[in-house]
Amino acid sequence: MINRLFKNTFLFVLITIVSCGRSTGQNEISNQKPQISTQSDSISSEVPKRILIGAERIEEYLPLLKNKRIGIIGNQTSVILNSTDSSSEEKKHTHLVDSLLALEVDIVRVFAPEHGFRGTADAGETVKDGKDPQTGLPIISLYGDNKKPKPEQLKDIDILVFDLQDVGARFYTYISSLHYVMEASAENKIPLIVLDRPNPNGHYVDGPVLNPKHQSFVGMHPVPVVHGMTMGEYARMINGEKWLKSGMQCDLEVIKLTNYDHKTSYSLPVKPSPNLPNDQAINLYPSLCFFEGTNVNAGRGTKTQFQVFGSPFLNKAVFDYTYTPQSMEGAKNPKHLGKLCYGRYLKNYPKTDRINLSWLIEAYNNTSDKSQFFNSFFTKLAGETVLQKQIENGLSEEEIRESWQKNLEKFKTVRAEYLLY
């Protein structure tokens, strides 16, 4: 059995290392291969090396799992690139769970965050516990009333393995799930291994820093909207800054990326949630998600989620793009379902390296009833009350951005202590 285990491990690692993706621009994620690093070695003619994600570096963490009972925190993004068929441009992935089972790792159960283990649930939709039909493993939801693994769900687990693809925005709830998993790890004295993945918005830091008075599941820590950290780095910050309950710290191990830094472009091989279908949506998400706290639709119920925005209440003389949200997977009841919306089409907008407030300000200034524009969720997304007041008081985008700078500089100083790349 031991010989077979090491043989399988060697073959698995070999296949992983020789697999290589290439840049695909702004294509749909379901048709993409991971982009390679743009950083060359000392000889400029050398082929850039493909990023190796933490999950692919199985030789680093497999020894830690040997003869242990494992709990996996994962979803549809927890995949490993096995090989690429260059003729069909179709990548082949193996789920982390399937890969570890093939290597005879004893997985006890899987914990799934918002959107569920297969990633098809609506944002905010209650995800029930169940069983994975492909493996028969029990699935425990970490969304809804059970955001933190309970002691009875961990009693027969020796090590937790966390592998989720984040998109680098404070209100994207996978980092909140990370917080609660770390807290459960610390409380139950179970080591946690984070398999790191690139942050597709890791090339900048921007936005208002959360005021702890407005902590929620879409904003748990005093960080800006765009934090510029990988999951592994963020876990180190949670531990180091003692943000867990009572200042606890968990036994944390991060399996690092290779051939990556924060300037490296990266296309996700699998969409991280139903309404982030491609690179463009992921890049615009930190800017357009603010519309979730208004009466403006951010593309849910369309095939261009977070690449358009619109509302029946916007001035059609100013906003000439129209669309009608429909019920669909991941958006069963989108805002303004079945109603004609006037707005902007941003699918071809250039890649941004900062939050764009101009769309939010323009929409507010051209809505039919400004008193109905914002809702209570906006403060949770912003992490403070100031941004809404600034927009209502007519401040320009640059004036608002200037008000962020002092807190951003403080955050960057703290962030620097936890960076791995």
Side-chain angles (χ1 to χ4, degrees), residues 21-38 51 53 75-79 81 91 93 113-115 119-120 122-123 163-178 196-207 218 223-231 233-234 257 260 262-292 297-300 302-309 329-331 344-357 359-360 381:
R22 64 181 179 84
S23 171
T24 56
Q26 300 293 343
N27 296 327
E28 297 297 310
I29 284 175
S30 59
N31 293 323
Q32 289 176 343
K33 301 181 183 70
Q35 287 186 340
I36 56 177
S37 169
T38 58
I51 296 170
I53 60 173
N75 63 4
Q76 81 286 351
T77 68
S78 308
V79 295
L81 179 64
K91 56 192 177 310
H93 296 106
E114 183 177 9
H115 306 297
T120 58
D122 283 8
D163 184 27
L164 295 175
Q165 176 63 63
D166 190 41
V167 298
R170 186 186 64 220
F171 33 59
Y172 201 67
T173 61
Y174 294 169
I175 56 174
S176 298
S177 295
L178 173 64
D196 215 0
R197 290 178 178 267
N199 177 355
N201 285 314
H203 56 293
Y204 71 108
V205 175
D206 202 15
V218 292
V223 303
V225 168
V226 182
H227 51 72
M229 306 179 79
T230 66
M231 277 289 207
E233 293 171 330
Y234 202 94
L257 303 157
Y260 173 80
H262 284 281
K263 295 180 181 179
T264 307
S265 180
Y266 184 73
S267 290
L268 274 58
V270 176
K271 62 183 179 181
S273 52
N275 289 289
L276 290 179
N278 54 35
D279 289 344
Q280 184 72 347
I282 290 168
N283 184 240
L284 294 177
Y285 175 74
S287 300
L288 297 189
C289 192
F290 284 118
F291 282 121
E292 303 280 85
N297 173 287
R300 295 186 189 270
T302 76
K303 296 292 182 66
T304 49
Q305 307 98 316
F306 291 99
Q307 299 155 87
V308 301
F309 69 86
E329 183 180 75
R344 288 273 182 265
Y345 181 83
L346 302 171
K347 189 171 177 62
N348 300 317
Y349 192 83
K351 182 177 179 178
T352 182
D353 59 1
R354 69 181 215 168
I355 289 174
N356 188 320
L357 290 176
W359 302 314
L360 183 64
L381 293 172

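Looking at Gln307 and Asn278, their side chains do bring a donor and an acceptor atom within 3.5 Å of each other. Between Asn199 and Tyr234, the side chains place no donor N or O within less than 3.5 Å of an acceptor N or O (distance only, hydrogens not considered). For Tyr260 and Thr230, the side-chain atoms include no donor-acceptor pair closer than 3.5 Å.
Here Arg197 pairs with Asp163 under the salt bridge (Lys or Arg N to Asp or Glu O under 4.0 Å) rule; sequence neighbours left out. For Gln305, the side-chain contact (heavy atoms from CB on, under 4.5 Å) criterion is met by Asn275, Pro277, Met328, not counting sequence neighbours. In terms of the side-chain contact (heavy atoms from CB on, under 4.5 Å) criterion, residue partners of Val79 (sequence neighbours excluded) are, by chain and number, His93, His95, Val270.
Side-chain N or O atoms of Asp196 include none that pairs as donor or acceptor with a backbone N or O of Leu257 at under 3.5 Å. Side-chain N or O atoms of Arg170 include none that pairs as donor or acceptor with a backbone N or O of Pro286 at under 3.5 Å. Gln165 places a side-chain N or O within 3.5 Å of a backbone atom of Pro198 that can act as its donor or acceptor partner. Judged by distance alone, with hydrogens and angles left aside, the side-chain atoms of Asp279 form no donor-acceptor pair with the main-chain N or O of Ile282 at under 3.5 Å.
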Note to self: Would Thr77 and Leu268 count as a side chain to side chain contact (heavy atoms under 4.5 Å, CB included) here? Give the steps.
What the structure shows: CA-CA 9 Å; Thr77 68; Leu268 274 58; 6.0 Å; no
Margin query: Could you go through Asn283 and His203, starting from their C-alpha distance and side-chain angles, then the distance that decides it, and tell me whether this counts as side chain to side chain contact (heavy atoms under 4.5 Å, CB included)?
Written below: CA-CA 11 Å; Asn283 184 240; His203 56 293; 4.2 Å; yes
Next item on the list: Step by step, work out the side chain to side chain contact (heavy atoms under 4.5 Å, CB included) result for Phe291 and Asn297.
Entry: CA-CA 7 Å; Phe291 282 121; Asn297 173 287; over 6 Å; no
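The aromatic rings of Tyr172 and Tyr285 sit perpendicular to each other, their planes meeting at more than 60°, with 30° as the lower class boundary.
Between the OG1 atom of Thr302 and the CZ atom of Arg300 there is a distance of 10.5 Å, given to the nearest 0.5 Å. One distance of note links CD of Gln76 with OG of Ser78; it measures 7.5 Å at 0.5 Å rounding. Taken from CG in Leu288 to OH in Tyr349, the straight-line distance is 10.5 Å, to the nearest 0.5 Å. Once rounded to the nearest 0.5 Å, the distance linking CZ of Phe306 with OG of Ser273 reads 8.0 Å.
Taking the side chain as every heavy atom from C-beta outward, Phe309 and Leu284 never approach each other to under 4.5 Å. When side chains are defined from C-beta on, Pro113 does not count as touching Thr173, because their heavy atoms never get closer than 4.5 Å. Asp166 places a side-chain heavy atom less than 4.5 Å from the side chain of Ile175. Looking at Leu178 and Leu164, their side chains never come closer than 4.5 Å, going by heavy atoms from C-beta outward. For the pair Glu233/His227, no side-chain contact is recorded, criterion being any heavy-atom separation below 4.5 Å from C-beta on.
Nearest heavy atoms, Pro272 versus Val167: CG-CG1, 3.7 Å. Here the closest heavy-atom approach between residue Phe290 and residue Ile355 is recorded as CE1-CG2, 4.0 Å.
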